[in-house]
**Q** 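The structure that follows is given in the form of structure tokens.
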Amino acid sequence: MRHLSPDGTSYRLEGQTQLPTVVLCHGVGLDLNAWNAQVDVLSHQFQILRYDMLGHGETPRQPNVRGIRDFSDQLFNLLAYLELESVSLIGHSMGGVIAQYFAFQHPTLLEKLVLMNTVYQRTPAELAGVHTRLALTENKGLSPIADAAIDRWFKPSFIENNPSTIAKIRHRLVSNDLDGYLDAYRIFVSADDDIGDRLKQVTCPTLVIAGGLDPGSTPQIAHRMISDLPNSAVIIFEQLGHLAPIEDPDQINMALLSFLTSSSSGV
């Protein structure tokens, strides 16, 4: 069952309240349902908070959204409203960028951090593709970018063998509020400037996950992140693409559970 926070954030809080809390933050164009396969498994050992980022799902677009800090503040306000003072945070794609900013902005709130299929200190060549996709969306709307995203996010065999899943994801993409999507995507394009090399300040145990077939959030970027994170490890799933949590939830869930249930203060 979805709830709304006082500032309009749509969220679900699932599992037993006495369990440690894990927060799930989705990527651009998706919504909290992107984590369905993770909630089914993680909720046995954790209380799960997932939410729709600004301008996505059932969270309306907000005026005057200018940078990644606005998305980090959304999460902070939600945690404050729910009186959650210690959580582990998992961010996918843009959700991973939000998680990076949140981690150095609010270090005392985090037990552990997972950065999944996300980006950091992109080179001009790595940024070229997102600039192209932003221009395409600004000029043509959501339908062309949805088709391009499906082809980029999944390998052909997954698309062919999972038509129902692909149809749901495409419907989610084209159903977005265009202005809300563009707000988020413009910030995703420019977020590296706001984050800089601040992962060097993040000291909580951090797991970085990437897919070997992900053309945008590459293994090279994942290794770039762990080189700046003082307490981190990386897992590369060589045969997975960008939406690894959906493409192979069993592998992803096993990695998440292993990391989140480890009693070690280090990675």
**Q** Is a donor from one side chain sitting under 3.5 angstrom from an acceptor on the other, for Ser217 and Arg122?
**A**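 Ser217 vs Arg122: no donor-acceptor pair found between side chains.
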**Q** Testing the basics here: between Ser10 and Arg2, what is the closest heavy-atom pair and its distance to 0.1 Å?
**A**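 Between these two residues, the closest heavy atoms are OG-NH1, 3.1 Å.
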**Q** Mind checking whether His242 and Glu247 have side chains closer than 4.5 Å, heavy atoms only?
**A**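 No, every pair of side-chain atoms sits at 4.5 Å or beyond.
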**Q** Check Asn117, Leu213, Ile209, Asp248 against Phe237 for a side chain to side chain contact (heavy atoms under 4.5 Å, CB included) and give me the one that passes.
**A**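 Checked Asn117, Leu213, Ile209, Asp248 against Phe237; only one passes side chain to side chain contact (heavy atoms under 4.5 Å, CB included): Ile209.
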**Q** Check the surroundings of atom CD in Glu83: do more than 12 heavy atoms from other residues, nucleotides or ligands lie under 6.0 Å from it?
**A**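 Atom CD in Glu83 is not crowded, with 12 or fewer foreign heavy atoms closer than 6.0 Å.
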**Q** Do Leu115 and Leu229 pass the side chain to side chain contact (heavy atoms under 4.5 Å, CB included) test, and can you show the C-alpha distance, the side-chain angles, and the key distance before you say yes or no?
**A** CA-CA 11 Å; Leu115 304 175; Leu229 284 160; 4.3 Å; yes
**Q** Is there a donor-acceptor contact under 3.5 Å from the side chain of Thr137 to the main chain of Arg133?
**A**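 Yes, Thr137 side chain to Arg133 backbone: donor-acceptor pair under 3.5 Å.
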**Q** Do Leu178 and Phe71 sit in one hydrophobic cluster, given that two such residues count as connected whenever their side-chain heavy atoms are within less than 4.5 Å of each other, even indirectly?
**A**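 The answer is yes; both residues are in one hydrophobic cluster.
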**Q** Does Phe259 offer a backbone N or O that forms a donor-acceptor pair with the side chain of Lys112 under 3.5 Å?
**A**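 Yes, the answer is positive, given that a donor and an acceptor are paired below the 3.5 Å cut-off.
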**Q** Considering only NZ, NE, NH1 and NH2 on the basic side and carboxylate oxygens on the acidic side, decide whether Asp228 and Arg198 come within less than 4.0 Å.
**A**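 Answer for the salt bridge query: no.
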**Q** Give a yes or no on whether Leu199 and Leu207 share a hydrophobic cluster (residues Ile, Leu, Val, Met, Phe, Trp, Tyr; joining criterion: side-chain heavy atoms under 4.5 Å apart).
**A**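 Unlinked, Leu199 and Leu207 end up in two clusters.
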**Q** Any side-chain heavy-atom pair from Leu75 and Leu89 closer than 4.5 angstrom?
**A**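 Yes. Closest side-chain heavy atoms under 4.5 Å.
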**Q** Are any of the side-chain heavy atoms of Leu240 and Asp214 separated by less than 4.5 Å?
**A**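 Counting from C-beta outward, Leu240 and Asp214 never come under 4.5 Å.
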**Q** As an exercise, state the distance from CD1 of Ile226 to CG of Asn231, rounded to the nearest 0.5 Å.
**A**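 Output value for this atom pair is 11.5 Å.
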**Q** Rounded to the nearest 0.5 Å, what's the gap from CD on Gln251 to CD on Gln239? Could you check?
**A**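 Result: 9.5 Å between the selected atoms.
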**Q** Tell me, please, which residues at least two apart from Ser5 pass side chain to side chain contact (heavy atoms under 4.5 Å, CB included).
**A**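 Expected list: Asp7, Thr9, Tyr11, Leu78, Tyr81.
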**Q** Which ILVMFWY residues are connected to Ile166, directly or by a chain of links, through side-chain heavy atoms under 4.5 Å apart?
**A**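 Noted: Ile166 shares its cluster with Leu30, Ile150, Trp153, Phe154, Phe158, Ile159, Ile169, Leu173, Leu243, Ile246.
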**Q** Is there a side-chain contact between Val234 and Ser232 in this structure, where contact means two heavy atoms from C-beta onward sitting under 4.5 Å apart?
**A**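 Result no, sub-4.5 Å side-chain heavy-atom pair not found.
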**Q** Are the side chain of Gln74 and the backbone of Asp52 linked by a donor-acceptor contact shorter than 3.5 Å?
**A**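 Here the side-chain-to-backbone pair exists.
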**Q** Please check this pair: side chain of His44 against backbone of Leu42, looking for a donor-acceptor N/O pair closer than 3.5 Å.
**A**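 Pair absent, no side-chain N/O of His44 close to backbone of Leu42.
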**Q** Considering all heavy atoms of both residues, which atom of Ile236 and which atom of Ala222 are nearest to each other, and what is their separation?
**A**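 Between these two residues, the closest heavy atoms are CD1-CB, 4.1 Å.
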**Q** Compare every heavy atom of Ala184 with every heavy atom of Val28, then report the nearest pair and how far apart it is.
**A**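 Closest pair (atom of Val28, atom of Ala184, distance): CG2-CB, 4.3 Å.
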**Q** Knowing that exactly one of Asn33, Val23, Ile90, Asp31 qualifies, which makes a side chain to side chain contact (heavy atoms under 4.5 Å, CB included) with Arg50?
**A**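 That would be Asn33; it is the only one of Asn33, Val23, Ile90, Asp31 passing the side chain to side chain contact (heavy atoms under 4.5 Å, CB included) with Arg50.
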**Q** Can you tell whether the side chains of Glu58 and Arg12 come within less than 4.0 Å, N to carboxylate O?
**A**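 No, no charged N to carboxylate O under 4.0 Å.
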**Q** With a 4.5 Å cut-off on side-chain heavy atoms, are Leu257 and Gln45 touching?
**A**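 Yes, at least one pair of side-chain atoms sits under 4.5 Å.
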**Q** Are any non-hydrogen side-chain atoms of Ile187 and Met94 less than 4.5 angstrom apart?
**A**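 Result yes, sub-4.5 Å side-chain heavy-atom pair found.
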**Q** Verify salt bridge (Lys or Arg N to Asp or Glu O under 4.0 Å) between Asp194 and Arg69, making sure each step is shown before the conclusion.
**A** CA-CA 8 Å; Asp194 293 325; Arg69 180 168 185 163; over 6 Å; no
**Q** Report the residues that fulfil ring pair (Phe, Tyr, Trp, His ring centres under 6.0 Å) with Phe188, sequence neighbours left out, ordered by chain and then residue number.
**A**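 Phe188 satisfies ring pair (Phe, Tyr, Trp, His ring centres under 6.0 Å) with Tyr185 once adjacent residues are dropped.
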**Q** Using the ring of each side chain (for Trp, its six-membered ring), is Phe76 parallel, tilted or perpendicular to His106, with breaks at 30° and 60°?
**A**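 Rings of Phe76 and His106: parallel, under 30°.
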**Q** Are the side chain of Gln100 and the backbone of Ile195 linked by a donor-acceptor contact shorter than 3.5 Å?
**A**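 No: the side chain of Gln100 does not pair with the backbone of Ile195.
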**Q** Indicate yes or no: at least one non-hydrogen side-chain atom of Leu84 is less than 4.5 angstrom from one of Gln47.
**A**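 Answer yes - side chains close enough.
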**Q** Would Val119 and Glu126 satisfy side chain to side chain contact (heavy atoms under 4.5 Å, CB included), going step by step from the backbone distance to the final call?
**A** CA-CA 9 Å; Val119 296; Glu126 290 166 343; over 6 Å; no
**Q** Do Arg224 and Ile221 make a side-chain contact, defined as non-hydrogen atoms from C-beta onward lying under 4.5 Å apart?
**A**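 Heavy-atom side-chain distance check passes, below 4.5 Å.
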**Q** Determine the minimum heavy-atom distance between Leu13 and Leu49, stating which atoms define it.
**A**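 Heavy-atom minimum between the residues: CD1-CB, 3.8 Å.
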**Q** Considering non-hydrogen atoms only, spot the tightest contact between Thr59 and Leu54 and give its length.
**A**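 Looking at all heavy atoms of both residues, the closest pair is CG2-CA, 4.0 Å.
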**Q** Side chain of Gln121, backbone of Gly196: donor and acceptor closer than 3.5 Å?
**A**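 Confirmed, Gln121 side chain pairs with Gly196 backbone.
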**Q** Not counting sequence neighbours, which residues clear salt bridge (Lys or Arg N to Asp or Glu O under 4.0 Å) with Lys200? List them please.
**A**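 Listed in chain order: Asp197.
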**Q** Minimum heavy-atom separation for Trp35 to His26, with atom names?
**A**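 Reported closest heavy-atom pair: NE1-N, 3.4 Å.
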**Q** Test side chain to side chain contact (heavy atoms under 4.5 Å, CB included) on Met53 and Ile98 and set out the steps.
**A** CA-CA 10 Å; Met53 71 165 66; Ile98 296 168; 4.0 Å; yes
**Q** Look at the side chain of Ser175 and the backbone N and O of Arg172, then say whether any donor-acceptor pair between them is shorter than 3.5 Å.
**A**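 No; judged by distance alone, with no hydrogens or angles, the pair does not exist.
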**Q** Determine whether more than 12 heavy atoms belonging to other residues, nucleotides or ligands lie under 6.0 Å from atom NZ of Lys168.
**A**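 Atom NZ in Lys168 is not crowded, with 12 or fewer foreign heavy atoms closer than 6.0 Å.
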**Q** Using distance alone, with no hydrogens and no angle criterion, decide if Asn176 and Arg61 have a side-chain donor and acceptor under 3.5 Å apart.
**A**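 Note: Asn176 and Arg61 side chains miss the donor-acceptor criterion.
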**Q** Could you check whether any side-chain N or O of Thr132 sits under 3.5 Å from a backbone N or O of Ala128, counting only pairs where one atom can act as donor and the other as acceptor?
**A**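 Yes; judged by distance alone, with no hydrogens or angles, the pair exists.
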**Q** Quick one: side chain to side chain contact (heavy atoms under 4.5 Å, CB included) partners of Ser86, sequence neighbours excluded?
**A**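 Testing Ser86 for side chain to side chain contact (heavy atoms under 4.5 Å, CB included), a comparison that skips the adjacent residues, returns Glu111.
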**Q** Please enumerate all residues that pass salt bridge (Lys or Arg N to Asp or Glu O under 4.0 Å) together with Asp177, with sequence neighbours excluded.
**A**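 For Asp177 there are no salt bridge (Lys or Arg N to Asp or Glu O under 4.0 Å) partners, ignoring immediate neighbours.
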**Q** Is a donor from one side chain sitting under 3.5 angstrom from an acceptor on the other, for Gln105 and Ser72?
**A**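 Judged by distance alone, the side chains do pair up.
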**Q** State plainly whether one hydrophobic cluster holds both Val174 and Leu136, where clusters connect Ile, Leu, Val, Met, Phe, Trp and Tyr through side-chain heavy atoms under 4.5 angstrom apart.
**A**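 Hydrophobic grouping puts Val174 apart from Leu136.
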**Q** Evaluate side chain to side chain contact (heavy atoms under 4.5 Å, CB included) for Val22 paired with Leu256, printing each intermediate quantity in order.
**A** CA-CA 11 Å; Val22 172; Leu256 293 176; over 6 Å; no
